[in-house]
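Below is one structure, written out as structure tokens; the observations come after it.
Values in this document were obtained by computation on a predicted structure and should not be read as measured data. Both counts, for ligands and for their atoms, begin at 1 and track the order of listing.
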Amino acid sequence: MSNKLIDGKAIAAAIKKEIAKEVATLIDADKKAPHLAAVLVGNDPASETYVASKERACKEVGITSTTYRLAEKTSEKELVEIIEFLNNDPDVDGFIVQLPLPSHLNSDKILEHIHPSKDVDGFHPLNIGRMQLGLPCYLPATPYGVVELLKRSKVEIDGKHCVVLGRSNIVGTPLSILLSRKSNYGNATVTLCHSRTRDLNTIIQQADILIAAIGQPEFVKGDMLKKDVVVVDVGIHRIPDASNEKGYRLTGDVDFESVKEVVSKITPVPGGVGPMTIVSLLQNTLSASQKKIY
Ligand code: GUN
């Protein structure tokens, strides 16, 4: 089994080492350390956890991080003022506005205020358009992480049938673009499936590579799959489990126990895609400080 596992933790650790080395080279050349800022509005516990992990990861590689914590009741005008401030702060290379925002704020409208050259989340419409056109841009963290994971695990995707489950703006849709584009790691034939897809099981059965990003715990079962498929599980869910000392266990969109028998490779949850996401943000921040994209 262990040779089937795609070890996201180990791959993420290797990439972090590469980033730390590049940051050290910048410092040795008397350049400033890359600087990532995060804006957190309100007290969403999951967002607090994400932002804390981002701060920790930055520290590990020598990237400076600053978090702007704003009250839940922050107005659109106040938030836009902070964004404008960060857009114009020469010390900040890139920043993110942590999502979800409180319900009185329209995140699509807010994200458009981030200057594309500092949009290290890759959520600005200009970066999404540039990705679609194959132009230099910041790639959104999870899709970028999935592509790196496949590439570094030497999974051949050229000409293969990749089935993506889920068409979200931050995972499924950008992944469908990245995997199918004409580039040196692309050229897959992609089927993007969603809640209205007919004959889903027939399509899943045809996958050489299956990416599960639908947000339903253990949706994908072993008997749905072609032998030797590569499975990437983007989901993460807490399932109540009295036998576990934490009172819950973590699982993905894939039923690991039945699926592991059929696959040639699989990403576990936890320890697969998750660790890659933050690393992608660090890569984007490093690229921003080196002015590699804009
Ligand atoms: N909330 C959950 N994931 C993300 C992410 O990648 N970026 C931002 N800004 N918010 C998130």
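The distance from ligand 1 to the heavy atoms of Y50 drops below 4.0 Å at these ligand atoms: 2 (C).
A donor-acceptor pair under 3.5 Å is formed between the side chain of D119 and the backbone N or O of H124. The backbone N or O of P136 lies less than 3.5 Å from a partner atom in the side chain of R130, making a donor-acceptor pair.
Considering backbone and side-chain atoms together, I96 places no N or O closer than 3.5 Å to any N or O of ligand 1. On a distance-only criterion, D121 and ligand 1 share at least one N/O pair closer than 3.5 Å. Considering backbone and side-chain atoms together, T277 places no N or O closer than 3.5 Å to any N or O of ligand 1.
In V97, the part holding a heavy atom less than 4.0 Å from any atom of ligand 1 is the backbone.
Side-chain contact annotation: S289 with H35, donor-acceptor N/O pair under 3.5 Å absent.
Ionic pairing of E148 and K151 is present here: one or more N-O contacts between side-chain nitrogen and carboxylate oxygen are shorter than 4.0 angstrom.
A distance of 10.0 Å separates CG of L101 from CG of D108, quoted to the nearest 0.5 Å.
Ranking the protein heavy atoms by distance from atom 1 (N) of ligand 1 puts L99 O, 2.9 Å first. For atom 11 (C) of ligand 1, the closest non-hydrogen atom on the protein side is Q98 NE2, 3.2 Å.
Of the candidates K118, K32, K31, D93 forms a salt bridge (charged side-chain N to carboxylate O under 4.0 Å, His left out) with just one, namely K32.
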